[in-house]
Structure formats: C-alpha cells, structure tokens
Amino acid sequence: MALVHRFLNGAYIFRHCPKPSASCPFLGTRFADYCSSSLQKPVAAPGKTSSQRNSEGDLQGHHQREVALDITSPEEKPEVSFDKAIKDEIKDHFRRLKDDLVNHWIGPEGRPLHEVLLEQAKVVWQFRGKEDLDKWIVTSDKTIGGRSEVFLKMGKNNQSALLYGTLSSEAPKDGESGRSGYCAMVARSPRGPFERKRAYDWSQFNTLYLRVRGDGRPWMVNIREDTDIIQRKNQMYSYFMFTRGGPYWQEVKIPFSKFFFSNQGRIRDAQYQLLLDKISSIGFTLADKVDGPFFLEIDFIGVFTDPAHTEEFAYENSPELNPRLFK
Amino acid sequence: MSWAQAILLARGLSRGWGGICGAVLTGAPFSQVPLQAPRGLHCSAAAHNSDSWLVPPWPEPRKGPTKALTLHEELFQQTLEGARDKANFVRAVQNFGQHNVHKRGHVDFIYLALRKMREYGVERDLAVYNLLLDIFPKEVFRPRSIFQSMFIHYPRQQECGIAVLEQMESHGVMPNKETEFLLIQIFGRKSYPMLKYVRMKLWFSRFKNINPFPVPRDLPQDPVDLAKLGLRHMEPNLSATVTIYQGLGATSFHPSSSLQMPSSRDSTGTADPTEPHIVGIQTPDQQAALAHHNPARPIFVEGPFSLWLRDKCVYYHILRADLLPPEEREVEEIPEEWNLHYPMQLDLEYGRSGWDDYEFDIHKVEEGPVFAICMAGAHDQATLAKWIQGLQETNPALAQIPVVFRLAGSTGELLASSSGLEEPPPPEGQEEEEDSQQRQQQGQS
C-alpha cells in the first residue's frame, strides 16, 4: 500500500498511519463503508484524535499526527525512512505470495482439506490485540456533514473491542439531506499478495455468531459480497441485531437465510438469498434516530453451522410487487 | 417556488417590473398582495392612474424575527395561545380547507404540516396522517390514459404523498385500510404512493416482532417503574427478585431486627422526595455465589453504565468480583442422587457423535461474577452505600467483604482494569477502601 500511497499523495507513510482511505474520497461516492478515512487509533487518550479525517489537510494531517505521536507515546517512534518502508512492503508482499503458493499445495487457505471440510464453527474476526483493530474501518455521518462521532478501541484487558461514540441526528445543512445520524464499523475486505482481492467462503456454514455486549440499542448487520461489477458496489444484505444491554455477554445468532437484500440503502422488492461463497466484508450500523452516546463491545465474530436451522430463505417475493417474477 | 407563487409572479410580471419588486421582495403571502401594483414601463396608458411609485426599492429592515413566515404558517400561528396538541393541529388543518375551497398550495401546506407534527406531538397518530392525506383533491391526479400512467402523473403531488408515507415509516406507524382507500382515490392504484404503501404493509408486518427483547412503546414516567423495567430487561434469569431500597414502595429495613416490615403508602408519602430512588435486582444464584465469596477478596461497585430503553437512557451500577485465578477455582459437582425428580445439570449439545464440534476455537472473554445490579437516581457513593446496606439484609455475608467503589465519569464506557493505560485510574480509590473498612467495622459492631 505504500507504493499506492506514494503515487497518489506524495506523502511519507508510517507503519501505523491509516491506510487505504485517503484515496477513497477522491472517488466521491457517498456510501460510507469504503469511502471515509479510517480511524486514527488513539494511542494515549481516547477521543484525542477524531476518527473522521477527510483528505483535505493530508500532508498537514500527517505532520500533526507525527507530532501527536511524538509527544504522547514514546514507545512508538515512527520511522521516516521512505525507502525502508518501500522495501519492507515489497518483501511483505513477496512473502505473502510465497505463502500463498505453498498453501495451495497444503489445502485451501493453508489448512489441510479434511480440516476445512469438517469444520463446523469458525472464528472469523477476533479482538485480542491492536492489530485486530486495523482490520476495521469506522465511519459516521461526519462524512456528509453530520455531527455523530464514533471511536474504536480495545476494551478491558485487551480481550474485546469497544465501539463507542455519540449519535446525533441533526441533518447537515447542505440543502439536500433530510435526515442524518448513523455510525458504522466495517471490516476491510481480505487481501492477498499485492493487494489482490480475496473473499471469504462460508458456503458450509449457515449462521452468523456474534458475542457482543451492547447498551440496548438496535444495530444493523450488513454483509457485502465480493464483486467486480460496479453496479453491485452498493448492494448489501442486512439484518437487525438487538442488544439487550446489561453487564452480561450476549450471544447473537443470525442465520444467513434471514438477511434481506438492499441496494443503495433501500430495500428491494425482488429478494434473493445471500450466497455465501464470496463474502467480502461485514459491517455494523447504528441509525436508530435517537441522539445520545452509545457503545458496543464485541468479543469475536464467527460463523457456524446450526444443524437445527433448515430454512433456506425467509422472504417470499410478492406477486403484487414483482409481477414479472411470477409470469 | 410553488405553483401559487409562480402565478403570483406571472401576475406581477403582467403589471410591470415594479409589481415584481413589491411582491417578491417583501415576501408577503399572496393573499396580501396589493391589488394596486405600481405600473411599469410596458403597461398600457389606460391603466396609468397614479403618478408616484408606491414601492420602495428595498424593504425596510424588519424588527421581528428575520425568518419570513412560510406560506400558510399563519394557520399554525393562531393556535400559539392554545396548547400544542392534537385538537389544535386538526383544527389548523381543517381551517386550511375552509379558507381555500380550491385548496391552492396544498402541497406546501402538507409539507409544512409534516414539519409541524413533531411540535404538536402527533407524529405517531395514524388518524392525523389520514387527515393530511385527505387534504389532496380526489380523483384529479389519477391517470386516465396509458400515457399518463407511463410518465409520473402530477409528480409533485406524488412526491408529497410519498413524503407523508415516509414520515409514517420513520415513526413506525402502520397504515390502515383508510389510508389505502385514500391513496387509491387520490393517486390511483399504479402510482408511487400506492406502491410505497404496499411495501410498507409487507415489510412492517415482516419485521414487527423480530425484537427478542421488546420494550413497550409507552415507557413509564415514574423513575422507579422505569428502573424496574430496565432491570428486568437486563437480567435474563426470570427468578430474580427486584427490591426497591429507596423510593415509592420501598420496604423499610431495620438493621437490628430480622423482620422486614413493609412500609405503608402513607409513610412513603412523607419520605423525603429529594432522595434518589434505589432499585436493585438479584437472582438466587447470585445470592448463593455471594454467600460463598471469599471475604479476603474485595468486591467492586462499578458504574455507571448506560442502558437505552427506546429513547430513554438510564444508568445502572453492578456489584462484581474479579475473576479468580485458575488455581483457586473450584467446580462444585452436585451428585446425581441429590434430586431424583429431574436432573440438576443437563448437558444438551448439538453434537451427534465424536466428529461434531460446534465449539469455537477461541478462549471466550471471561469476567468476574456479577452479584447484583441496581439503578439509582444519583451516581454518588452515598446512594450506592445505601444500596449495599440494603443488600446486606438479604446477603449477611456482605458485611464481611470489603467493598471498593469504582465509579467512572459519565462516558458510558465500561471501565478498564486497574492497569489500563487508557483510562485514568479511579480518583478516590484509596479513600474508598478506608471507608469500606470503616463501614465493615460498623456493620460488624
């Protein structure tokens, strides 16, 4: 990614600075998941650096962050050597390519085939260290001019991730938005060597499992499929996750058959089943129109096969809305 | 600009440029346009009556509010003296129809009414939405030929109808047969508002009951009732008991006697109303765990944490202990002969045989046991100390155990452990321990 950044921005890259998203605002699309700046991990004090930084003062932003890092955290000395960073990235990519080729001989994703076929429960994302937080992008409606704030940090004893912030449904005064107020946390799509797109294959599982601890607010879980077709970039499958609140950990099991299809944020008339063989990312959104602080603590996210669940798809297509499907 | 204002502008244009300046710049509603507009250069000589220009080139600065009233807003201004409630809103809406037989500007009026609904508190009232839809003239906007139905017939009105339905959707109001009939009468069966109505019916009925932890829409106003609702919401164990330690309906407790005497309503009426309420919940399992707790280890009162019920945020505190290190953990095994009627421990698993393994390959986050939860009106140590005293009635073992108060600010986040770099350490940690030991000594004496 350092190569890409260099060509786009001409700025120096540190190991710890947020990666892909400075390029995304240039694309200009509003759909928040891939297109806003990622979180600056609060090193010393939470909430010190805002989670949303657009690319306006990108160079200045880098210098500011450099200054902030110097003052507040002596243990992370950023290395300014550009050539070393490039060399490290190249070596990293070649190493990943070599691993990829070798793993192909062992089995899918480097595990023997019998292990993969018999697997019935798999942990996909866990939060046991700071590097696990790097796999997530956190956005809020600040990208369209709203006032919600959201931050992501490690929770107690580095055993869970805490997503917290304030939701504000004050609409931005830009003349075209009527409503506002959302916060989201999206996973980055898995990448192979040289940033090739990869996808998750969950075709043998049928339920999503989340171990969370919330504050009673209803969240929405969105799953995006991996696709190269531009029109499909805004399509996703969603379902609701209701948190109970309270001090006890909550296990949320959502079967994949319950996810409904939506395009550009609107639910579609023609509903199709979520196909699990090319999943690109998962996301959590909070947009329940209630202003105030919120938090969500996540332990891990996994997928498993629920043998008691035999439903294939929960939503029928209605002949009134889709006459063409019923001819 | 609505079509009414466009007609106004056309009228002004026909009377001359001075007419435009006068009508548009002053921003007056069209009913107040002076009938005698000054003449421009292009008008005929016959209409030339007066010699002077009546319109000043720029309006004088207003002393009142700088925002000009939108069209028809005076209908809502009239009810300013009265209360902002449903009757006044309905009256304002009906006044629009009375002043205006042809219902000019109904689209703008409906948008205005939709904006005003929240002030009048009627945004979840289906009858009011039906009344708003009733403002539309019927049968005029229905397409009559195939070409009219191909293109969006009367697009502004259809957008307005969709806006009404969208506000219904965002407040969770389910439309009924009357809405359907009105929409068919106004827009026809193939129109966009009707399509939106069909979608609302479908998806609302699909998602009506998907919340596994439903919260009633009308939350109780009394803080004690709200606290009880919140505590029952959080605690999954149905055999938990809710106790009100302070507040309406509290049971009075005497440290010396072993009997708990419920106080009558009269005495709670004379209780100090400025005292914050304290409501707690505890399950029998938690009581047993607290009784077995090792007095050498302190227990902590942590909080406040936030809980959202619909749109109200309440705060709760918990009483918990730290996790025991693995060597001190003992697993109590209840022998099978203890109860012959039903098994005390049931191990139902999905696994069909040795090859089935539905466990995740991760060490789940383990935290120390929670002994009780409470919701109090105030978040300071004195109130929580009263809670602990109340808990001591049902858990006499609590008197021996040191209690440490770890109260955070109101960020709503869960506290880090004591070695966390990110949170500042609790400010009065040392003082709390001394206080708790004093209390412990008082409890023992």
Side-chain angles (χ1 to χ4, degrees), chain A residues 42 44-47 118-123 126-128 153-157 159-160 162 164 178-179 209 211 213-218 239-240 242-250 258 260 267 269 288-295 297 299-300 302 304-308 314-315 318 320-321, chain B residues 163 166 170-171 195 198-199 202-203 206-207 210-215 230-231 233-236 302-303 305-314 316 318 320 350-352 355-367 370 373 410-417 419-424:
Chain A
L118 292 180
E119 191 177 36
Q120 275 152 342
K122 178 173 161 186
V123 176
Q126 58 183 2
F127 297 97
R128 296 287 183 266
K153 68 170 188 182
M154 288 306 289
K156 253 196 206 181
N157 288 334
Q159 291 283 314
S160 54
L162 180 69
Y164 66 99
R179 297 178 291 182
Y209 178 98
R211 189 154 191 260
R213 182 158 60 181
D215 55 349
R217 293 233 201 188
Y239 199 65
F240 304 97
F242 292 97
T243 50
R244 188 174 206 148
Y248 305 115
W249 282 97
Q250 183 189 352
K258 296 278 187 200
F260 56 84
I267 200 170
D269 290 336
D288 62 347
K289 304 180 205 107
V290 174
D291 295 344
F294 65 88
F295 71 88
E297 214 179 328
D299 180 11
F300 69 92
F304 77 107
T305 328
D306 189 352
Y315 308 108
S318 118
E320 215 176 305
L321 287 171
Chain B
E166 189 146 336
S170 82
H171 285 113
L195 203 56
V198 172
R199 285 186 189 125
L202 180 69
W203 291 106
R206 275 180 180 163
F207 293 144
I210 53 169
N211 192 348
F213 318 114
V215 176
L231 288 172
H233 185 79
M234 285 196 294
E235 180 61 62
E302 288 179 7
F305 305 119
S306 59
L307 171 75
W308 283 92
L309 296 165
R310 287 271 171 191
D311 53 350
K312 277 206 187 143
C313 186
V314 291
Y316 64 93
I318 55 179
R320 69 140 34 112
Y350 278 141
R352 288 164 287 187
W355 64 81
D356 267 344
D357 177 25
Y358 294 104
E359 298 297 319
F360 285 98
D361 188 18
I362 187 172
H363 191 64
K364 289 188 188 170
V365 170
E366 271 183 23
E367 288 177 353
V370 174
I373 317 176
S410 53
T411 48
E413 305 167 24
L414 292 171
L415 285 172
S417 63
S419 61
L421 284 167
E422 287 136 0
E423 310 274 4

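Heavy-atom basis, side chains included; hydrogens, waters and symmetry copies ignored. Every chain is numbered from 1, with letters handed out A, B, ... down the list of sequences. Source: prediction; values computed, not measured.
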Checking heavy atoms, do the side chain of [X], its backbone, both or neither come under 4.5 Å from chain A?
{"X": "B/Ile210", "answer": "both"}
{"X": "B/Glu366", "answer": "neither"}
{"X": "B/Arg320", "answer": "side chain"}
{"X": "B/Leu307", "answer": "both"}

Is [X] in contact with chain B via its backbone, its side chain, both, or neither, using a 4.5 Å heavy-atom distance?
{"X": "A/Asp291", "value": "backbone"}
{"X": "A/Glu320", "value": "side chain"}
{"X": "A/Glu119", "value": "neither"}
{"X": "A/Tyr239", "value": "side chain"}
{"X": "A/Lys122", "value": "backbone"}

(request) Against chain A, work out which of B/Arg310, B/Glu359, B/Lys364, B/Glu235 has the most heavy-atom pairs shorter than 4.5 Å and name it. (result) B/Lys364
(request) For each of B/Asn211, B/Leu202, B/Asp361, B/Ile318, tally heavy-atom pairs with chain A at distances under 4.5 Å, and name the one with the top tally. (result) B/Asn211
Would you find a donor on one side and an acceptor on the other, under 3.5 Å apart, between the side chain of [X] and the backbone of [Y]?
{"X": "B/Trp308", "Y": "A/Pro293", "value": "yes"}
{"X": "A/Gln120", "Y": "B/Asp357", "value": "yes"}
{"X": "A/Arg211", "Y": "B/Val365", "value": "yes"}

(request) Give a yes or no on whether B/Asp356 atom CG has more than 12 heavy-atom contacts from other residues, nucleotides or ligands under 6.0 Å away. (result) yes
(message) Restricting to non-hydrogen atoms, name the atom on B/Ser306 and the atom on A/Phe295 that form the minimum distance, rounded to 0.1 Å.
(response) OG-CE2, 3.6 Å
(request) Over all heavy atoms of both residues, which pair between A/Pro247 and B/Met234 is shortest? Give the atoms and the distance, please. (result) CD-SD, 4.3 Å
(message) Rounded at 0.5 Å granularity, tell me how far NZ in A/Lys258 sits from CZ in B/Arg206.
(response) 10.5 Å
(request) Supply the atom-to-atom distance A/Asp299 CG to B/His363 NE2, rounded to the nearest 0.5 angstrom. (result) 10.0 Å
(message) Please enumerate all residues that pass ring pair (Phe, Tyr, Trp, His ring centres under 6.0 Å) together with A/Tyr209, with sequence neighbours excluded.
(response) A/Phe300, A/Phe304, B/Phe360
(message) List the residues meeting ring pair (Phe, Tyr, Trp, His ring centres under 6.0 Å) with A/Tyr248, not counting sequence neighbours, and say none if there are none.
(response) none
Picking from [options], which has the most non-hydrogen pairs under 4.5 angstrom with chain B?
{"options": "A/Ser318, A/Gly302, A/Ala308, A/Pro307", "result": "A/Pro307"}
{"options": "A/Asp288, A/Asp306, A/Leu118", "result": "A/Asp306"}
{"options": "A/Val290, A/Asp215, A/Leu321, A/Thr305", "result": "A/Asp215"}

(message) Evaluate B/Phe213 against A/Gln250 for side chain to side chain contact (heavy atoms under 4.5 Å, CB included), listing each step before the verdict.
(response) CA-CA 12 Å; B/Phe213 318 114; A/Gln250 183 189 352; 3.1 Å; yes
(message) Any non-hydrogen side-chain atom of B/Pro236 less than 4.5 Å from a side-chain atom of A/Arg244?
(response) yes
(message) For a 4.5 angstrom cut-off between non-hydrogen side-chain atoms, does A/Arg128 reach B/Ile362?
(response) yes
(request) Indicate the ring-plane relationship of B/Trp203 and A/Phe260, choosing parallel, tilted or perpendicular according to the 30° and 60° boundaries. (result) tilted
